[in-house]
Amino acid sequence: MNIITRPVPSEAEQALLAAGLHPIEARVYAARGICTADDLNTDLGRLLPASGMKGAARAAVRLADAIAARERILVVADYDADGATACTVAIRGLAAMGAVVDFIVPNRFEYGYGLTPEIVELAAAKSPQLIVTVDNGIASVAGVERARALGIDVLVTDHHLPGDSLPDALIVNPNQPGCEFASKSLAGVGVMFYVLMALRAEMRQRGAFAGRTEPNLGDLLDIVALGTVADVVKLDGNNRILVEQGLRRIRAGRACAGLLALFTAAGRDPRRASAFDLGFTLGPRLNAAGRLDDMSLGIACLLADDHGAALDMARELDKLNRERRAIEADMQDIAQAKLDAVTVDDRYSLTVFDPDFHQGVVGLVASRLKDRHHRPTIVFAEGLDREVKGSGRSTPGLHLRDALDLVAKREAGLISRFGGHAAAAGLTLADATGVERFRIAFEAVCRELMPASALSRTFEVDGELASGALDLQLAERLDARVWGQGFPAPRFVGRFKVRNQRIVGEKHLKLKLECEHGLVIDAMRFQHADPLPDVIEAVYQLSVNDWQGSRSLQLLIDVAQQG
């Protein structure tokens, strides 16, 4: 394990100090590329304009024409939280503009990912004149061809990286060739939100809102925030605005009925909503529908306007999430047993397959194994028609989609299809006989692309904190900020004496730690029940412990070793 302190640009730190920021905050923000206090401004007026996104204006014209002609628009969604929120934003936003709009979300186990020809046939049964994809479609060349053959126009809204060829359709995707939009990290729901902004501008120019109130797209930001955080996209400045604005609406009680119902089902208070809640409490409950059953339930929950109906659906999603957790735990045990039979330290990658694995949960298991062993990990499960479906998670140092692309080019016919990002990707093999061939090829590619240093876990920290800086007020200020992928929450390093430790909830450590000058502070180490030595060096976060109306400072221990 390596612990390194993030470099802090002196000029940026001084500018933030001069603007009146707390010294610790100035250090933290400067280390994350914040140069001025204005860079922390999350007002809506600072959002990048939709006019800068390639295809958005053309998409707006096509959608405005469809609305004016009362054409039937069908949204084809993806089956994860980003897809579900993007679909919800599309339905709510287009309906508010006056569209005749419906949606389908294909069952992932029957139809796979993207706008496939089979999904187009399913969509055609609803007789749409226009299909709008959300969070998918950039690789759907064959599906778009089938739609065009049936006389159906297609608008692709997506954020995934394109392949070698693009579908013959209208495309809005910040990552498509030639798009100069400054934020390449929008989630699928963010892309759809931008399409709606462009559409409203187009309809405003046409005078379509004469005699009626313009739709307030800000009302959709709670859902945009949920999808953005749940999809673990980079929280650049533009995404932080979307998330912060959504959180403000949730805290003010202005979220949609379905989102508030998810908070209730999870036992969380929306008045204290945080990015953590969106990513680790609501997101998994929404994703559970797509992983185990049908994401239509999750979308219906977010579309519900009746609080009672929304709560019933949210409770069903909570039940599915509990089932998902049990399945995931069993799969983790099986996967770890397989890895215990090999020498993980000698490998640059991990590939695990079991015929009894549930294909809807392989991505979660891959993520857990990646975190435990710090290796790019692919976990496979059997799908329909003997196909094998894999989901992967990567560590810093390996662009996973690019690695899969290299495997596909070297091993002709091995991978039926693949797609994804630098950190996460999915793929399909024709049958289980290809798993070992894939493992060997993937390992070879990882050895070529990754330096040996990438196999050691590195923790980036923001330096040490004097005991006088360990206070609730600083924790509250830091806790109020939006943190996440690409804008990591502050972590500090320190040496502590362990005065007391006990196991709570069967698998967590509750601690009392003594700092310098005798200050004793509460701490938690989640998902670890092994006792710590008497003196530790720990990487930790400041946290606010809100218990029965009382708020106190608590440290969250990420990693600890002999001090």
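All of these numbers come straight from a predicted model, not from anything done at the bench.
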Could you verify whether a donor N or O on one side chain and an acceptor N or O on the other, from [X] and [Y], lie under 3.5 Å apart?
X	Y	value
Ser391	Arg393	yes
His159	Asn173	no
Ser183	Asp236	yes
Tyr194	Asn238	yes

With side chain to side chain donor-acceptor pair (under 3.5 Å) as the test, would you mind laying out the steps for Ser349 and Glu443 before giving the verdict?
CA-CA 6 Å; Ser349 67; Glu443 174 73 11; 2.6 Å; yes

Gap separating the [atom1] atom of [X] from the [atom2] atom of [Y], nearest 0.5 angstrom:
X	Y	atom1	atom2	answer
Ile119	Arg146	CD1	CZ	14.0 Å
Leu302	Leu286	CG	CG	5.5 Å
Trp483	Leu235	CH2	CG	10.5 Å
Arg325	Asp330	CZ	CG	13.5 Å
Thr351	Phe380	OG1	CZ	6.0 Å
Leu220	Gln245	CG	CD	13.0 Å

Given 3.5 Å as the limit, does a donor-acceptor pair link the side chain of [X] with the main chain of [Y], or not?
X	Y	answer
Thr85	Asp82	yes
Asn287	Ala81	yes
Asp43	Gly45	no
Ser140	Thr116	no
Arg251	Arg272	no
Arg249	Gly218	yes

Between [X] and [Y], is any pair of side-chain heavy atoms under 4.5 Å apart?
X	Y	result
Glu382	Lys389	no
Leu427	Arg417	no
Arg401	Phe418	yes
Leu186	Thr228	no
Leu166	Pro177	yes
Thr428	Val388	no
Ile327	Leu292	yes
Val379	Thr377	yes

Check Leu74, Val75, Ile299 against Ile104 for a side chain to side chain contact (heavy atoms under 4.5 Å, CB included) and give me the one that passes.
Leu74

Of Val156, Asn175, Thr157, Val89, which meets side chain to side chain contact (heavy atoms under 4.5 Å, CB included) against Val191?
Thr157

Between [X] and [Y], does any side-chain N to carboxylate O distance fall below 4.0 Å?
X	Y	value
Asp305	Arg92	yes
Arg148	Asp168	yes
Arg368	Glu328	yes
Arg285	Asp318	yes
Glu202	Arg206	yes
Asp153	Arg62	yes
Arg439	Glu411	no

Search all heavy atoms of [X] against all heavy atoms of [Y] and return the closest pair with its distance.
X	Y	value
Pro215	Ala96	CG-O, 3.5 Å
Gly83	Asp135	N-OD2, 3.3 Å
Asn136	Asp158	C-OD2, 3.1 Å
Ala99	Ile73	CB-CD1, 4.0 Å
Leu398	Cys446	CD2-SG, 3.7 Å
Val105	Tyr79	CG2-CA, 4.1 Å

[X] atom [atom1], over 12 foreign heavy atoms within 6.0 Å:
X	atom1	result
Arg271	CZ	no
Arg386	CZ	no
Asp385	CG	no
Asp164	CG	no
Phe209	CZ	yes
Lys370	NZ	yes

With a cut-off of under 6.0 Å to the ring centre and 45° to the axis, is Arg240 in cation-pi contact with Phe487?
yes

Under the side-chain contact (heavy atoms from CB on, under 4.5 Å) rule, what do Met331 and Val362 come out as? Steps first, then yes or no, please.
CA-CA 8 Å; Met331 288 172 60; Val362 288; 4.1 Å; yes

Would Asp222 and Arg254 count as a salt bridge (charged side-chain N to carboxylate O under 4.0 Å, His left out) if you check the C-alpha gap in whole Å, the side-chain angles of each, and the deciding distance to 0.1 Å?
CA-CA 8 Å; Asp222 56 330; Arg254 294 165 54 196; over 6 Å; no

Take Arg72 and Asp102 through the salt bridge (charged side-chain N to carboxylate O under 4.0 Å, His left out) test and state the conclusion after the steps.
CA-CA 8 Å; Arg72 287 183 296 276; Asp102 197 359; over 6 Å; no

Salt bridge (charged side-chain N to carboxylate O under 4.0 Å, His left out) evaluation trace for Lys54 with Glu180
CA-CA 7 Å; Lys54 180 180 178 180; Glu180 297 181 358; over 6 Å; no

Derivation and outcome, side chain to side chain donor-acceptor pair (under 3.5 Å), residues Thr42 and Arg248:
CA-CA 11 Å; Thr42 54; Arg248 289 181 190 178; 3.0 Å; yes

Take Phe438 and Val435, measure what side-chain contact (heavy atoms from CB on, under 4.5 Å) needs, and give me the verdict at the end.
CA-CA 5 Å; Phe438 171 84; Val435 173; 5.7 Å; no

Verdict with reasoning, Met192 to Val224, per side-chain contact (heavy atoms from CB on, under 4.5 Å):
CA-CA 9 Å; Met192 188 62 227; Val224 175; over 6 Å; no

